[in-house]
Enquirer: 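Following this message is one structure expressed as structure tokens.
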Amino acid sequence: MLRERGITKSSLGRDEFLQYAWEWKEKYGGIILQQLKKIGCSLDWDRTSFTMDDEYYQTVIKVFIDLYKKGHIYRGKRMINWDVRAKTALSDEEVIYKEVQSKLYYLRYQITDESGNPLPFSPSGDGGITIATVRPETILGDSAICVNPNDERYKHLHGRFAFVPLINRKIPIIPDEYVTMDFGTGALKVTPAHDMNDYQLGQKYNLEIIDTMNDDGTMSEAAQLFIGEDRFEVRKKIIPQLEAAGHLVKMEEYTNQIGFSERTDVVVEPRLSLQWWVSMKNMAAPALKAVMHEEINFHPAKFKNLYRHWMENIKDWCISRQLWWGHRIPAYYTPDGEFVVAASIEEAFDQFKIQNTKYKIADIRQDDDCLDTWFSSWLWPFEVFKGLSHPGNAEVKYYYPTNTLVTAPEIIFFWVARMIMAGYEYMDEKPFNDVYFTGIVRDKQGRKMSKSLGNSPDLLGLIDQYGADAVRFGIMIASPAGNDILFDESALEQGRNFNNKLWNVLKLIKMWEGRQSPNVDVEPANGTHHSPLTTHDFALAWFENRLNQVKSQVNEMMVQFRLSEALKTIYSLVWDDFCSWYLEWIKPGFEQPIEKAVYEKTLVYFEELMQLLHPFMPFITEEIYHLLQDKKDDLCVKQVAPLQAFDKSILKAGDLLKQVISALRDARNKNQVKPKDTIKLHIQTADVADYQTIENILRKQVNAELITYASSTVANTIVVAVEKDKFFIETDQQLDTATLQAELLKNLDHQKKFLESVLKKLGNERFVQNASPEVVDLERKKQADAEARIKTIEESLQNL
RNA sequence: GGGGGCAUAGCUCAGUUGGUUUAGAGCAUCUGCCUUACAAGCAGAGGGUCCGCGGUUCGAACCCGUGUGCCCCCA
């Protein structure tokens, strides 16, 4: 926003900058809420909260002071990015990395022998070690030379010393795995004051930190040489001097990434500076325990490992940020650098007075830095209910600990871990029971969505294009907990198509609204007696049981946070079981009435399907729920009915029916029987009664004009074997016996191989002895079934 | 440099205590259908040494080891 208006941050004072920041917040902060509403998040929109709200802000400050008093907050040194022109620290976001053509200088240092005496130095002889650097001016701050301990070239030098060229300061040669053997010469100069990584090494080996630079980028007195001259001037000047003294071995062209200040475009200088820290060890202990002992459950659980590793090796938390927007650190300084921590400048001055300060309140200055954004966010689970500003209030008592945190795995340390710590520190209790980690959405190339890449999908645009429910569907179907999802619009298309399907179901059922017949008992062709209620008993009973079964499955999945699986299951229930099977089974003929009982049951089923689907697709399901019948209640608040038991035998019968229908359709297809051509179907089975109950369905589904029961083979027919039963398709079509035979042989081969594998298992004595009886029984059943199928197929082959 | 993860159909991915009729879905592909809810659809089909190797086990996509290739987080 500022950039658009041509304003730079440095041209503004702090107060003016904050004005702009608030303006931005008011304008854009609402956009994300708008998006959440549009995608159907079911939240209490009257109770949004912001960490910079007055009361929350004060709580953050209170917590800082509290932790400081407890001794958990302290000041310590840390490497930061320094802008030598603006003479200010930069946040990481303000550093712009550019690829730069540099030179890599190979410099040779004089070394000592084993007893620490200098070896004679010559540009090529034994008495030296060569390092490579792009910043030769920093050698004046060297504290050590480091080599990889496994590097044969330098093993003899471990424990010896080297001398910094030109100033001859004696520094140790140390071995550490940090050094890469194949970069440069394999020997690294260590300059703790001017390089992040070198600083770490310095800490590890307790090396001297020699700050050779002033805050304006000129050399300091500690450098001994070139004092007061600019770092880049020094780089130019030092090379000829090194060359003259025989230290310069060679120069190479080298491309590297260098950080530039966003504000002044000068090269950023890593610099040690005083920052604020929170010590973490004590707070981490209960937070680690909570997750390891499953008082707090991670979904998926694989993140427990990650969490444990981090918590066991936790480092102190640097909470100061060189920013203006945020919670300003409540530390106050006198001009000579003394400081106190206090809620206001007045309180700070009171503290200074106790220390008999010579300064006036006007001399006191507050810390310029702000707190890390997570230092406010970690209080969220309780302070959002004002649990710290108004301890023990009714809301925090009711809501805390909260149920489930939904968040991204990338902030498991930044946010999740710290909320848990803050929960135990300030509430003496965990902040939530479950943590659900969503996947990170990536683009088709697998890249993370980011503002700078500009590859984030335009959510509102996608909603316009596909609909909110379709977008929700597309994202949820593809994202099991904690796995990244590659954003692919084809999943949204699937969602859109599903919406379309649901509308069409509504359309179909609506067509039946004024077209019901009383329940009739259609006399079946063969005169067998059917139930007095309806000929659709089987379809109704089957779907009702199937619905109850899926409800149980979905319930189980939801409890375990397996959301994408739950959605897939519901999707398949609606599209396959309800639409492709059930509705086709009960659908009356053209302009025929539907039986009242069937119609009413169908309404109930469809409503229940909408309720099952509602959490995933709230808009369309709510709409259909109300369009279907006048309703006083809303799906979004409707309680879910208790789960009901289901009858497995009827589900099995349904599966068999589906299998028979598919097999017969396949046979029709393969024999080029046109969809419109009717067939005569002859069934050879031991269970005639079973087929009679589903005869009407079967006739409709395979377009048969007649179904009879045969006691033996029917000649000149297409033979289809399903389980132990045989089906003979009689048609006017010329039969292609070769194709039929090939099909049967293929099937026979498959069954035989299967039987073979089962027999091999059962023939293994150790299997029969060790496996559980149920498993062995199952194998025996597989054997019997396979043998029966083989017999059927063989008989069919003989008939050809 | 430290840590974590992934590898299953052409593509994107499911597959939870190792045994569920010798692996599932969507998309893509092929065949046949404009069949009065739906062509954004219907009915079918094909497609997989579950990354390589070794081990544990009566039994491994699943557990262990190892190799290879990718990804992420932290520094």
Side-chain angles (χ1 to χ4, degrees), chain A residues 79 176-180 196-197 199-201 300-303 305-310 313 315 409-414 440 442 444 446-448 466 470 474 477-480 482-491 493-512 557 560 562 564-565 568-569 571-572 576 579-580 583-584 587 589-591 661-663 665-670 672-676 701-703 723 750-751 753-758 760-762 764-772 774-776 778-779 781-786 789:
Chain A
M79 275 277 171
D176 192 279
E177 303 268 353
Y178 168 71
V179 180
T180 317
M196 303 274 182
N197 296 313
Y199 179 69
Q200 304 283 334
L201 268 180
K302 67 179 177 187
F303 289 114
N305 279 340
L306 194 70
Y307 180 83
R308 187 184 61 214
H309 187 267
W310 193 73
N313 298 284
K315 296 194 176 78
E410 56 193 347
I411 53 175
I412 186 167
F413 311 129
F414 293 137
I440 298 168
R442 299 175 182 284
K444 261 192 154 171
R447 298 176 307 181
K448 220 163 128 177
Y466 294 99
I477 197 91
S479 57
N483 275 19
D484 291 357
I485 65 169
L486 267 71
F487 183 77
D488 188 348
E489 290 198 19
S490 76
E493 250 174 73
Q494 193 190 345
R496 182 201 57 188
N497 294 352
F498 190 36
N499 275 292
N500 196 41
K501 188 75 178 176
L502 295 175
W503 283 122
N504 279 308
V505 175
L506 178 68
K507 194 170 134 194
L508 177 68
I509 294 179
K510 276 283 166 190
M511 279 172 55
W512 299 338
M557 289 168 187
Q560 294 174 56
R562 291 153 63 183
S564 69
E565 278 182 76
K568 275 179 188 170
T569 306
Y571 173 82
S572 164
D576 301 331
C579 294
S580 298
L583 287 177
E584 293 298 332
K587 193 162 82 175
F590 182 53
E591 291 191 338
I661 292 169
S662 290
R665 282 169 172 171
D666 185 29
R668 287 183 58 120
N669 246 333
K670 289 217 166 84
Q672 275 130 30
V673 178
K674 292 260 176 287
K676 275 182 176 161
Q701 293 275 276
V702 300
N703 197 15
E723 297 298 315
H750 180 258
Q751 297 297 343
K753 275 190 184 147
F754 174 68
L755 179 63
E756 208 176 301
S757 76
V758 174
K760 197 177 150 197
K761 230 179 201 180
L762 285 166
N764 185 339
E765 257 177 58
R766 287 188 297 178
F767 168 73
V768 181
Q769 276 165 15
N770 294 327
S772 71
E774 297 87 44
V775 173
V776 178
L778 189 70
E779 289 304 311
K781 181 156 185 333
K782 280 187 199 172
Q783 181 194 349
D785 290 350
R789 281 193 299 261

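Lettering follows sequence order; numbering is per chain, from 1.
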Enquirer: By the 4.0 Å heavy-atom rule, please label A:R308 as base, sugar-phosphate, or nothing.
Expert: nothing
Enquirer: P atom, B:C30 versus B:A37: distance in rounded Å?
Expert: 29 Å
Enquirer: Below 4.0 angstrom from OP1 or OP2 of B:G5, is there any side-chain N or O of A:N305?
Expert: yes
Enquirer: Specify the residue among A:L306 and A:V775 whose closest nucleotide of RNA chain B lies further upstream toward the 5′ end.
Expert: A:L306
Enquirer: Find the distance A:R789:CZ to B:U22:P and express it as a whole number of Å.
Expert: 8 Å
Enquirer: Let's test your reading of the model: under 3.5 Å, does the base of B:U21 pair with the side chain of A:K781 as donor and acceptor?
Expert: yes
Enquirer: What is the distance, to the nearest angstrom, from the CZ atom on A:F303 to the C1' atom on B:U16?
Expert: 16 Å
Enquirer: Please state the C1' separation for the pair B:U35 and B:G44 - nearest whole angstrom.
Expert: 15 Å
Enquirer: Whole-Å distance between B:G59 P and A:R766 CZ?
Expert: 6 Å
Enquirer: When rounded to the nearest Å, what value does the distance between P atoms of B:G59 and B:G19 take?
Expert: 15 Å
Enquirer: Counting heavy atoms from C-beta on, name the nucleotide in B:A14, B:C38, B:G19 closest to the side chain of A:F767.
Expert: B:G19
Enquirer: Side chain of A:V505 only, please: which of B:A40, B:U22, B:A37 is the nearest?
Expert: B:A37
Enquirer: Tell me, do A:V505 and A:C579 make a side-chain contact under 4.5 Å, heavy atoms counted?
Expert: yes
Enquirer: Any side-chain heavy-atom pair from A:K587 and A:L508 closer than 4.5 angstrom?
Expert: yes
Enquirer: How far, in whole Å, is B:G47 from B:G4 if one measures between their C1' atoms?
Expert: 35 Å
Enquirer: Between B:A28 and B:C11, how far apart are the two P atoms, rounded to whole Å?
Expert: 15 Å
Enquirer: With heavy atoms under 4.0 Å as the rule, sort A:N764 into base, sugar-phosphate or nothing.
Expert: sugar-phosphate
Enquirer: May I have all residue pairs that pass salt bridge (Lys or Arg N to Asp or Glu O under 4.0 Å) and include part of residues 494-509 of chain A, sequence neighbours excluded?
Expert: none
Enquirer: Is any side-chain nitrogen or oxygen of A:K510 closer than 4.0 Å to OP1 or OP2 of B:A37?
Expert: no
Enquirer: To the nearest Å, how far apart are A:I412 CD1 and B:C74 C1'?
Expert: 13 Å
Enquirer: At under 4.0 Å between heavy atoms, what does A:R665 touch on the DNA or RNA strands: base, sugar-phosphate, or nothing?
Expert: sugar-phosphate
Enquirer: At 4.0 Å (heavy atoms only), tell me whether A:E565 reaches a base, stays on the sugar-phosphate, or touches nothing.
Expert: base
Enquirer: Once you round to the nearest 0.5 Å, how far does CD of A:Q751 lie from CD of A:E756?
Expert: 13.0 Å
Enquirer: With nearest nucleotide decided by heavy atoms, which residue, A:P675 or A:A771, maps closer to the 5′ end of RNA chain B?
Expert: A:A771
Enquirer: Please round to the nearest 0.5 Å and tell me the distance separating atom CG of A:L583 and atom CG of A:N504.
Expert: 11.0 Å
Enquirer: What does A:Q701 touch in the nucleic acid at a heavy-atom separation under 4.0 angstrom: a base, only the sugar-phosphate, or nothing?
Expert: nothing
Enquirer: Taking the side chain of A:S580 as its heavy atoms from C-beta onward, which of B:A43, B:G2, B:C73 lies nearest to it?
Expert: B:A43
Enquirer: What pairs with A:W310 under ring-ring contact (aromatic ring centres under 6.0 Å, His included), at least two apart in sequence or on another chain?
Expert: A:F413
Enquirer: Figure out the CD/P separation between A:Q494 and B:C38, and round it to whole Å.
Expert: 21 Å
Enquirer: I want to check one thing: is the phosphate of B:A45, taken as OP1 and OP2, less than 4.0 Å away from some side-chain N or O of A:N669?
Expert: no
Enquirer: Passes salt bridge (charged side-chain N to carboxylate O under 4.0 Å, His left out), A:R789 versus A:D785? Steps please.
Expert: CA-CA 6 Å; A:R789 281 193 299 261; A:D785 290 350; 5.1 Å; no
Enquirer: Answer with base, sugar-phosphate or nothing: what part of the nucleic acid does A:R668 contact at a heavy-atom distance below 4.0 Å?
Expert: nothing
Enquirer: Which listed nucleotide (B:G3, B:G5, B:G44) is nearest to the side chain of A:H309?
Expert: B:G3
Enquirer: Kindly say if A:N497 contacts the phosphate of B:A40, meaning a side-chain N or O under 4.0 Å from OP1 or OP2.
Expert: no
Enquirer: Counting Watson-Crick and G-U wobble pairs with both distances under 3.5 Å, what is the dot-bracket string for RNA chain B, 5' to 3', using [ ] for crossing pairs and | for pairs to another strand?
Expert: (((((((..((((.....[....)))).(((((.......))))).....(((((..]....)))))))))))).
Enquirer: Please report the distance, rounded to the nearest Å, between NZ in A:K315 and P in B:C73.
Expert: 17 Å
Enquirer: In whole Å, what separates the P atom of B:G10 from that of B:A23?
Expert: 16 Å
Enquirer: Using atom C1' of each nucleotide, how far apart are B:U17 and B:U22 to the nearest Å?
Expert: 23 Å
Enquirer: Please state how far atom NZ in A:K568 lies from atom C1' in B:C27, giving the value in whole angstrom units.
Expert: 12 Å
Enquirer: Does A:F414 reach a base, just sugar-phosphate, or nothing at all? Heavy atoms under 4.0 Å.
Expert: sugar-phosphate
Enquirer: Is there a side-chain contact between A:N703 and A:R668, using heavy atoms and a 4.5 Å cut-off?
Expert: yes
Enquirer: When all nucleic acid strands are considered with a 4.0 Å heavy-atom cut-off, which category describes A:K501: base, sugar-phosphate, or nothing?
Expert: base
Enquirer: Expressed as a whole number of angstroms, how long is the span from A:I661:CD1 to B:C42:P?
Expert: 16 Å
Enquirer: State whether the number of non-hydrogen atoms from other residues, nucleotides or ligands found under 6.0 Å of A:K315 atom NZ is greater than 12.
Expert: no
Enquirer: In whole angstrom, give me the gap between the P atoms of B:G5 and B:G15.
Expert: 16 Å
Enquirer: Would you kindly say whether A:D576 and A:S572 are connected by a side-chain donor-acceptor distance under 3.5 Å?
Expert: yes
Enquirer: Verify the contact: side-chain N or O of A:S662 to OP1 or OP2 of B:G44, cut-off strictly under 4.0 Å; return yes or no.
Expert: yes
Enquirer: Give the nucleotide from the list B:U21, B:A37, B:G5 with an atom nearest to the side chain of A:K587.
Expert: B:A37
